[in-house]
Amino acid sequence: MSKSLQAIRGMNDILPEQTPVWRYFEGTVSRLLDNYGYKQIRMPIVEFTELFKRSIGEVTDIVEKEMYTFDDRNGDSLTLRPEGTAACVRAVLEHGITGGGQVQKLWYIGPMFRHERPQKGRYRQFHQIGLEVFNLDGPDIDAELIIMTWRLWGELGIRDAVKLELNSLGTSESRGRYREALVEYLSAHHDKLDEDSQRRLKTNPLRVLDTKNADTQAVLVDAPKMADYLDDESRAHFEGLKARLDAVGIPYVFNPKLVRGLDYYSKTVFEWVTDKLGAQGTVCAGGRYDGLVEQMGGKPTPGVGFAMGIERLVLMLETLEQIPQELARQVDVYLCAFGEEAELAGLALAERVRDQLPNLRLQVNAGAGSFKSQFKKADKSGALYALILGDDEMAQQVVGFKPLRGQGEQQSIAWDALAAHLATCVVQG
Ligand code: ATP
Ligand code: MG
């Protein structure tokens, strides 16, 4: 196939055999979020480039090298969203729905775009479910976010395979004092730092902490620790969060090197990580961003949120074989009709059954075909039962009811009794 007719590298089709797992995952998350009182918001996929520069920070991997940015026909610089928080903050400000301290508990789902090196669990178009809460500044809401994800892992059957890492970046004051101390220390060891870290030291020194370079890591062993610079407010917040996680019984590990890639975090940061996916081990990440709304032109508004990567979580479900059995079967009943008259009667009968059993997954054969070929299709569909309408059935106003998975003999059911009969033998979702 010519190159122009292929999908862009790192941007994947999600094929029909994969979508049931996606829908199962998305359905599970959205039901859970509904139950905790979160409301969905939908933002555009494209925003002004400036929005991401201002919120994510100019000196971040995303803004420096990962954004899909282009000029609109009228010359505006636009960017395919690399994440959801910026647009969500823009939306709440634009519509004034966080004004006067109004609490908003919001979630969104959709594609994000980053020009990264594609590999397992890392793509250029990927999908997130994200959540943001505005105007609640206590550790109770930070805890709620983590508790919800903990419940989600439980429902999905992957709880044992993920680990919670926690850190506090403190208030902006304590982070400022820490940054100074860190810069002073690292500057004294400048020559031992890798090139990237030398550059970050000038632009975004906290990011040096999550370097993968062994020499720089060695230098960091004796570096000042954020934990020693937390002010009373930050410390109380962090303790409050941990007390709540303890109360619910959620295990966590303190990771002082967890700083997250985006500029806007303060106080709580967390990641759910797994060792089941190779290098791309973070399945959900987030934290508090009390200064972001103000930085974007709003009134001071506390905020906290997280985002999870759907591809990585779907991969987890597959890897850990936690895909519910019932997803394998998409059809309950397959109706075969032979001859024009039977086909018409079959269509009408199918609609009557659907009226009475709206959740029944009933597939009507299309494209006619011989007895053999229709039967083959019925079997291949995965249906539990075939319904058969031929000349004999038409004459008697019955339908042949044939178990396809070895549960008994074929029987004849009167048309009027069909829905009631199906209700007794097909468990409806
Ligand atoms: P990573 O460290 O893996 O690059 P990140 O810190 O850049 O992740 P966030 O911006 O916090 O990621 O996004 C939240 C979640 O979205 C990640 O934990 C991950 O599950 C998912 N994610 C991020 N980037 C990608 C990507 N390129 N492909 C697939 N999933 C991704
Ligand atoms: Mg990244």
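This chain uses plain numbering: 1 for the first residue, then up along the sequence. Each ligand, and each atom within it, is numbered from 1 in the order the structure gives.
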Proximity flag [X] to ligand 1, non-hydrogen atoms under 4.0 Å:
X	value
Arg122	yes
Glu116	yes
Glu311	no

Worksheet item: So is Arg312 polar-close to ligand 1, meaning N/O to N/O under 3.5 Å?
Response: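 Among all N and O atoms of Arg312, at least one is under 3.5 Å from an N or O of ligand 1.
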Worksheet item: Does any N/O atom on Gly309 come nearer than 3.5 Å to any N/O atom on ligand 1?
Response: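 Yes.
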Mark up the atoms of ligand 1 that fall under 4.0 Å of a heavy atom belonging to [X], in ascending order.
X	value
Gln128	13 (O), 14 (C), 15 (C), 16 (O)
Thr282	17 (C), 18 (O), 19 (C), 20 (O)
Val283	18 (O), 20 (O)
Ala285	11 (O)
Ala307	14 (C), 15 (C)

Worksheet entry | Expected output: side-chain Asn135 to main-chain Thr98 donor-acceptor under 3.5 Å |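 Indeed, once roles are kept as given, a pair shorter than 3.5 Å links the two residues.
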Discussion item. Let me confirm one number: the CG-OG distance from Leu404 to Ser381, rounded to the nearest 0.5 Å.
Written reply: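 Interatomic distance, Leu404 CG to Ser381 OG, rounded to 0.5 Å: 7.0 Å.
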Worksheet item: Of the options Asp210, Leu206, Leu209, which is the one that meets Arg200 in a side-chain contact (heavy atoms from CB on, under 4.5 Å)?
Response: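 Among Asp210, Leu206, Leu209, the one meeting side-chain contact (heavy atoms from CB on, under 4.5 Å) with Arg200 is Asp210.
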Practice prompt. Return yes if a side-chain donor-acceptor contact under 3.5 Å exists between Asp246 and Tyr252, otherwise no.
Written response: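 Asp246 vs Tyr252: donor-acceptor pair found between side chains.
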Worksheet item: Is the closest side-chain donor-acceptor distance between Thr69 and Thr79 under 3.5 Å?
Response: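 Yes, because at least one side-chain N or O of Thr69 sits under 3.5 Å from a partner of the opposite role on Thr79.
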Practice prompt. Identify which one of Arg124, Arg122, Lys65 satisfies the side chain to side chain donor-acceptor pair (under 3.5 Å) criterion when paired with Glu116.
Written response: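 Single side chain to side chain donor-acceptor pair (under 3.5 Å) partner of Glu116 among Arg124, Arg122, Lys65: Arg122.
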